[in-house]
A.B. asks: 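The structure is given below, and queries will be raised subsequently.
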There are 2 protein chains.
Amino acid sequence: MTPTQAPRVLATVGRRARNKADKQQRIFEAASELFTGLGYSAVTTQMVADRADVGTGTLFRYASSKAELLMMVMNEQMRLDTREGIAAASSGASPTEAIMALLAPQIHLPLEFPENTAVYQREILFGTEQGQYRTEALARISELEDAIGDILSRFTRTHRVRAGVDLRGAGRTTFATLHMELLRVTFGREDPATLTATLRSHVDVLLYGVLAPA
Amino acid sequence: MTPTQAPRVLATVGRRARNKADKQQRIFEAASELFTGLGYSAVTTQMVADRADVGTGTLFRYASSKAELLMMVMNEQMRLDTREGIAAASSGASPTEAIMALLAPQIHLPLEFPENTAVYQREILFGTEQGQYRTEALARISELEDAIGDILSRFTRTHRVRAGVDLRGAGRTTFATLHMELLRVTFGREDPATLTATLRSHVDVLLYGVLAPA
DNA sequence: CTAACATACGGACTACGCTCCGAAATGAGC
DNA sequence: GCTCATTTCGGAGCGTAGTCCGTATGTTAG
C-alpha cells in the first residue's frame, strides 16, 4: 500500500467533508448534553462552542441560531415519537382511539423537558428564520397532520363526514389543541395525570361536536 | 391665595404621583408611536426611553421588559375589540353566528400589525414573567373564553350539549384555533380574504363535529 | 512539490435587553 | 427653613446572541 492508497478508501468524501461531519457530530452531542442537562435558558452558545471545541463563529455556521441548535436536538426525539405514533395509530379501533394512539407518544416530552419543549413549540409556531432544523420540524408536523387525514378517511365506511368539513383543517385544529394542552402542562396549569383524558375529550369534541339540535 | 394653597388643590395626589403618571403617559405614547410605526423588532428600548425622555433604568421600572411594553400598547386595542365582540355576540341568531360575532373584531389586528400581533400572541402563550400587562392580557382572554361559555349556554334550549362535553374546554379549543389561524395569516400561509370563512368552518366543526356514525 | 485558489474557521467585536447602584427629588418631622 | 428618611431616577455597565473579517486549512493545477 502506498501512502496515497490507504487514505483514499476513506477519503472518497475528502478530508474537508470529514472534518465537517466530525464538527457537526461534536456540536450535536455538546448541544444535546447541555440542553437536556441544564435546560435551554441556562445554556449559552459559548458553552456549546467550548464543549464542542469550536469557535462561536464556527458554531453559527452549523446552526443559524441558538433556537436552531435546540431544534436540531429535539427533532431527533420528535422523529422517533412520530414514527411510533403513526405505527400505533393504524391499529386504533375507533377514530378517537386511533388519533389518541397517534398523539400519545408526543405527551412525554413536556413532562421530561418542559422548558426545552416550550421553546421548541414556540419556535415552530413563531420562528421567522427559515433554518434547516425548523424546516425539518415543520415537515414532521405536516407528517402528523397528514396521518390524521389518513385515519379519518380510514373510517369513512363506518362514519360519514359532515358536509362542508375540510379534513385537513380538522387536522390543524387537532394540532392547535395539542399544542395548547401541552403548554398547559408545561406551565403547570394542568395536571399531567389527567392530560390523556383531557386530550381524549378534546378529540371527541372535535370529531363529534359540542352541540346537537335538541 | 397663599403660595401653599393654590398648589394644594391639584396636589391632593402629590407631586410624586403626578410625575409618575406623567412619565407613564409619555412612555405609553412613545411606545405606541414607535411600535405601530416601525414594528416590534425595529424598535430598541433605548429609542423608547429617548422619545419618552427618560433613562433606560426608568423605562424598566414602568414595564419590566420590552415585551411588556408592547403588551401595554396592544392591551388597549384588545380591550376595545373585546368589548365590541361581546356586545355583538349577544345578538347572534345561531351558535355559529354568535361566536363569529364575538371573534370578528379580533381579526383585523394581524392584518394591520402582523409583527406586533405575533409577538403579542407569543408572549401571551409563552411568556414566563408575571408582569402586570401580561396579566391584563390573560384576563382579556379569559373574558372571551367566558363569553363563549355564555353563548353556548344561551342556546341550550334549542340545542343539547353532548354528554361529557366540558364547555370551558371547548372555549379553550376555540381559542387555540383562533390563535393558530391568526398566525397563519400573519405568516402569509393563509389568504386574509378567506380568514372569516375558514374560521367559521372551524367553529362549525367545533360545534357539530367532523364525523357522524353512518 | 509548489503555487494559486477556495473554503472553513474562530475570536474579537457589536448590538441590545436589562440591571445595579450612586445621585437626585420628594415628603415628613421639627 | 433645615435635616433626615424614603422613593424615584438614570446611565454606566453586564451578559449573551450573533457577525465580521483576517487567518488557517484543505484542494487543485501545473
Side-chain angles (χ1 to χ4, degrees), chain A residues 2-4 7-8 10-27 30-31 34-35 38-72 119 122-123 127-129 131 133, chain B residues 2-4 7-8 10-27 30-31 34-35 38-72 119 122-123 127-129 131 133:
Chain A
T2 71
T4 52
R8 195 182 293 154
L10 291 171
T12 45
V13 288
R15 188 171 294 149
R16 218 162 216 166
R18 269 180 292 133
N19 281 345
K20 221 166 151 175
D22 192 53
K23 284 203 172 73
Q24 163 71 47
Q25 175 68 12
R26 295 206 312 269
I27 289 171
L34 287 168
F35 283 137
L38 302 175
Y40 187 76
S41 65
V43 174
T44 66
T45 54
Q46 190 62 60
M47 288 162 72
V48 178
D50 288 350
R51 182 180 272 243
D53 195 29
V54 298
T56 58
T58 305
L59 183 66
F60 282 102
R61 30 175 69 263
Y62 284 81
S64 58
S65 70
K66 185 183 175 184
E68 276 274 296
L69 222 40
L70 178 75
M71 293 189 155
M72 178 177 79
V119 175
R122 190 184 71 198
E123 291 301 317
T128 48
E129 51 177 337
Y133 296 112
Chain B
T2 72
T4 52
R8 195 182 294 156
L10 290 171
T12 47
V13 289
R15 189 172 295 148
R16 236 178 200 151
R18 270 180 291 133
N19 281 345
K20 219 167 152 175
D22 193 53
K23 284 201 172 70
Q24 164 71 47
Q25 175 68 14
R26 297 207 308 273
I27 288 171
L34 287 168
F35 283 139
L38 303 175
Y40 187 76
S41 64
V43 174
T44 67
T45 54
Q46 190 62 61
M47 289 163 71
V48 178
D50 288 349
R51 182 179 271 241
D53 196 28
V54 298
T56 58
T58 305
L59 183 67
F60 282 102
R61 28 174 70 261
Y62 285 80
S64 57
S65 69
K66 184 183 176 185
E68 276 275 294
L69 221 41
L70 178 75
M71 292 190 157
M72 178 178 80
V119 175
R122 191 185 70 197
E123 291 301 316
T128 48
E129 53 178 337
Y133 296 112

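In this text, all values refer to a predicted model and were calculated from it rather than measured experimentally.
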A.B. asks: Rounded to the nearest Å, what distance is computed from the CG atom of residue B:Asp50 to the P atom of nucleotide C:dA15?
C.D. replies: 16 Å
A.B. asks: Atom OG1 in A:Thr56, atom CZ in A:Arg61: separation rounded to 0.5 Å?
C.D. replies: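 It is 11.5 Å, given to the nearest 0.5 Å.
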A.B. asks: Mind calculating the distance between CD (B:Gln24) and P (D:dT8) to the nearest angstrom?
C.D. replies: 13 Å
A.B. asks: Side chain to side chain contact (heavy atoms under 4.5 Å, CB included) for B:Phe35 and B:Leu69? Distances and angles first, verdict last.
C.D. replies: CA-CA 9 Å; B:Phe35 283 139; B:Leu69 221 41; 4.1 Å; yes
A.B. asks: Rounded to whole angstroms, how far apart are CD on B:Glu68 and C1' on C:dC18?
C.D. replies: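 These atoms are roughly 14 Å apart.
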A.B. asks: To the nearest Å, give me how far apart CG (A:Leu34) and P (D:dT16) are.
C.D. replies: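 Computing the A:Leu34:CG to D:dT16:P distance gives 14 Å.
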A.B. asks: Mark yes or no: A:Lys23 above the aromatic ring of A:Tyr62, with NZ or CZ under 6.0 Å from the six-membered ring centre and no more than 45 degrees from the axis.
C.D. replies: no
A.B. asks: Under 4.0 Å between a Lys/Arg side-chain N and an Asp/Glu carboxylate O for B:Asp22 and B:Arg26?
C.D. replies: yes
A.B. asks: What nucleotide among C:dC9, D:dG26, D:dA17 has an atom nearest to a side-chain atom of A:Thr44?
C.D. replies: D:dA17
A.B. asks: When you measure from the side chain of A:Phe60, which nucleotide among C:dT26, C:dC18, D:dG18 comes out closest?
C.D. replies: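 Selected nucleotide (nearest to the side chain): D:dG18.
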A.B. asks: Just how far, in rounded Å, is C1' of C:dG11 from CG of A:Asp53?
C.D. replies: 14 Å
A.B. asks: For a quick check of understanding: with a heavy-atom distance under 4.0 Å over all strands, which category does B:Val43 fall into, base, sugar-phosphate or nothing?
C.D. replies: sugar-phosphate
A.B. asks: Is the shortest side-chain N/O distance from B:Tyr62 to OP1 or OP2 of D:dC9 below 4.0 Å?
C.D. replies: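 Answer is yes, contact under 4.0 Å.
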A.B. asks: Taking all non-hydrogen atoms of both residues, which atom of A:Ala42 and which atom of A:Met47 are closest, and how far apart?
C.D. replies: O-SD, 3.8 Å
A.B. asks: So which nucleotide from C:dT19, D:dA17, C:dG10 ends up closest to the side chain of A:Lys66?
C.D. replies: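 The closest nucleotide is D:dA17.
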A.B. asks: Checking all strands, does A:Thr58 fall into the base, sugar-phosphate, or nothing category for heavy-atom contacts under 4.0 angstrom?
C.D. replies: base
A.B. asks: Have a look at A:Ser64 and say if it touches a base, only the backbone sugar-phosphate, or nothing, with a 4.0 Å heavy-atom cut-off.
C.D. replies: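 Counting heavy atoms under 4.0 Å across all strands, no contact is made by A:Ser64.
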A.B. asks: Please give, in whole Å, the distance from D:dG26 P to A:Asp22 CG?
C.D. replies: 12 Å
A.B. asks: Look at the side chain of B:Thr45 and decide which nucleotide, out of D:dG11, C:dC9, C:dG17, has an atom nearest to it.
C.D. replies: C:dG17
A.B. asks: For A:Gly57 and for B:Arg61, find the nucleotide of DNA chain D with the closest heavy atom, then tell me which residue's nucleotide is more 5'.
C.D. replies: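 It is B:Arg61 whose nearest nucleotide is closer to the 5' end.
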A.B. asks: Return the value, rounded to whole Å, for the distance between atom CZ of A:Arg15 and atom P of D:dT28.
C.D. replies: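 My rounded result for the distance is 12 Å.
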A.B. asks: Report yes or no: is there a donor-acceptor pair, N or O only, under 3.5 Å between the side chain of A:Arg16 and the base of D:dT27?
C.D. replies: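 No such pair is found, so the answer is no.
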A.B. asks: Look at the side-chain N and O atoms of A:Asn19 and state whether any lies under 4.0 Å from the OP1 or OP2 oxygen of D:dG26.
C.D. replies: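 Indeed, a polar side-chain atom of A:Asn19 lies that close.
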A.B. asks: Could you state the NZ-P distance from A:Lys23 to C:dG10, rounded to the nearest angstrom?
C.D. replies: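 The distance from NZ of A:Lys23 to P of C:dG10 comes to 5 Å, rounded to the nearest Å.
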